[in-house]
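Every heavy atom of this structure was used, including side-chain atoms; hydrogens, water molecules and symmetry mates were not. Chain letters run A, B, ... following the sequence lines, proteins first, then strands; residues in each count from 1.
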2 protein chains.
Amino acid sequence: MSLAAAPLSLPARRGRPRKSAEERDESLRRAELVRAAARLFRAKGFDATSTRDIAGAAGMHSGSPFYYFDSKSALLYAVMCDGMAQAGRSQAQALRALGPRAGARARLGALIRHHFEVLLGPDSDFIPVMLYEWRSLTPAQREGIAAQKDAYEAAWMPALKALHRAGALRAQPAVARLFIFGALNWTAQWYSERGPLTLDDLARQALGLFTGEA
Amino acid sequence: MSLAAAPLSLPARRGRPRKSAEERDESLRRAELVRAAARLFRAKGFDATSTRDIAGAAGMHSGSPFYYFDSKSALLYAVMCDGMAQAGRSQAQALRALGPRAGARARLGALIRHHFEVLLGPDSDFIPVMLYEWRSLTPAQREGIAAQKDAYEAAWMPALKALHRAGALRAQPAVARLFIFGALNWTAQWYSERGPLTLDDLARQALGLFTGEA
DNA sequence: CCTACCGATCGGTAGG
DNA sequence: CCTACCGATCGGTAGG
């Protein structure tokens, strides 16, 4: 098969051409901006981070981020969207790895453990930014993120409802979900990996606290 | 007894003269500034609130807040200090009202209920500002607030330890405290008094979730 | 992507 | 407390 024939073997790619080297480069630079923004937004907050800070952290000059993003707020939205998309994928993966026969308590434990990874593990700036910089989004952006967040949290409800029915969760599942996410999300404020607790410890303690079974 | 004799009957007030009308006025205006700042800091965040906003909300012109406070950051510190001082007093009062014979579960319930009042009740802007604008303090200010916060949270430990010993709290008390404050503090993000839950409902659900006893 | 720039806003101050 | 102001910084843009 000659190289010249290759294009013909991909008839379905109309309107979505294979990325050229420049396009790949551009999307890489864009991703660098998003990662730098996530780190700075988490460390200093959205308002206290200037677009010049972000440009500098990505090795660019002050005006260049606006070649990739329309506004500072669009950058914030990209951080949150990328973060939620990745978190949703890895959460689904964690549930699949558990298998369909796992009990409700094991499922909740896996969801908690995975959530700590997303909040406190390596490359974990995206979701804390989403949690703590919500206010700086426009209403339209907020809707988009809320939909992704709702989907992420909805995956917890079957386990919570089952535990409630079994008497192991002693609060209304919908309220329990809000309290539990509060408890977990707050760890972003105090947890340090240089402290005595591993993420496994944290997950074990949390599961014990909420479900009252050792 | 003549009016002239009155000063002699108060020999202990050296260096702390009774407040004049102007001094009372000044301290009132100062308190108005702090309350306006608390409201705006909570609604828009510290960085997104200008000193002009605060001045306007207190009925002053742009430069006037700096007659009462050295800097914007000093205003933030005042919000947090006033809030913590008040919260500490009312928490101690809530515990006293409960009496010394109350069980650990009742004590935890009262602490939770009181904390919701502080977070979500009327005039409840001060503590949420402390929780969510921590980052904008100078390190020295942070130490001062941390001390007040530690004292407030330390009052929870006897109840948590007792419940842990009795088997009703299935996490290490120190870790449980962090998770519990996370769950409670997060309500500032989602609770609405126009929703179906009262603060009493909230406290009941939380106590059930953490201690696993109806 | 860089360079050079603009208009707006901000915290804070002097002088009364 | 007000008036009038300053220097600094910021998000964003034009033009290449």
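No more than 12 heavy-atom neighbours from other residues, nucleotides or ligands sit within 6.0 angstrom of NZ on B:K161. Around CG of A:D200, the count of heavy atoms belonging to other residues, nucleotides or ligands within 6.0 Å exceeds 12. For A:D150, the CG atom counts as densely surrounded, since its 6.0 Å shell holds more than 12 non-hydrogen atoms of other residues, nucleotides or ligands.
Looking only at distances, a side-chain donor or acceptor of A:Q205 sits under 3.5 Å from a matching main-chain atom of B:Q172. A donor-acceptor contact shorter than 3.5 Å is absent between the side chain of A:D82 and the backbone of A:V79. In terms of modelled atom types and a separation under 3.5 Å, the side chain of B:S90 and the main chain of B:Q86 share a donor-acceptor contact.
For A:W156, the side chain to side chain donor-acceptor pair (under 3.5 Å) criterion is met by A:Q91, not counting sequence neighbours.
Taking side-chain N and O atoms only, A:Y68 has a distance below 4.0 Å to OP1 or OP2 of C:dC1. Between C:dC1 and A:H61, no contact under 4.0 Å exists linking OP1 or OP2 to a side-chain N or O.
Non-hydrogen atoms lying under 4.0 Å from DNA chain D are contributed by nothing in residues 74-82 of chain B. Scanning residues 128-142 of chain B for heavy-atom distances under 4.0 Å to DNA chain D yields an empty list. Within a heavy-atom distance below 4.0 Å of DNA chain C, the residues of residues 38-60 of chain B found are B:T49, B:S50, B:T51, B:R52.
The aromatic ring centres of A:W134 and A:F41 sit 6.0 Å or more apart. Between A:H115 and A:Y152, the ring center distance clears the sub-6.0 Å criterion. With ring centers used as reference points, B:Y132 lies under 6.0 Å from A:W186.
Checked for salt-bridge contact, A:K44 and A:D53 meet the test: a charged N lies under 4.0 Å from a carboxylate O. Checked for salt-bridge contact, A:E32 and A:R39 miss the test: no charged N lies under 4.0 Å from a carboxylate O.
Following rounding to the nearest Å, B:R30 (CZ) and D:dC1 (P) show an atom-to-atom distance of 13 Å. Atom pair A:K72:NZ and C:dA8:C1' shows a separation of 15 Å (rounding to whole Å applied).
Between B:W190 and A:F179, the two ring planes are perpendicular [angle over 60°; tilted spans 30° to 60°].
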Between protein and nucleic acid, restricted to nucleotides 13-16 of chain D and to nitrogen or oxygen atoms under 3.5 Å apart, what atom pairs and distances do you find?
none

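Between B:Y68 and B:E26, the side chains place no donor N or O within less than 3.5 Å of an acceptor N or O (distance only, hydrogens not considered). Donor-acceptor pairing under 3.5 Å is recorded for the side chains of B:R42 and B:S124.
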Open item on the list: Give the dot-bracket line for DNA chain D from 5' end to 3' end: parentheses for intra-strand Watson-Crick or G-U pairs under 3.5 Å, square brackets for crossings, | for inter-strand pairing, dots for unpaired.
Closed with: ||||||||||||||||

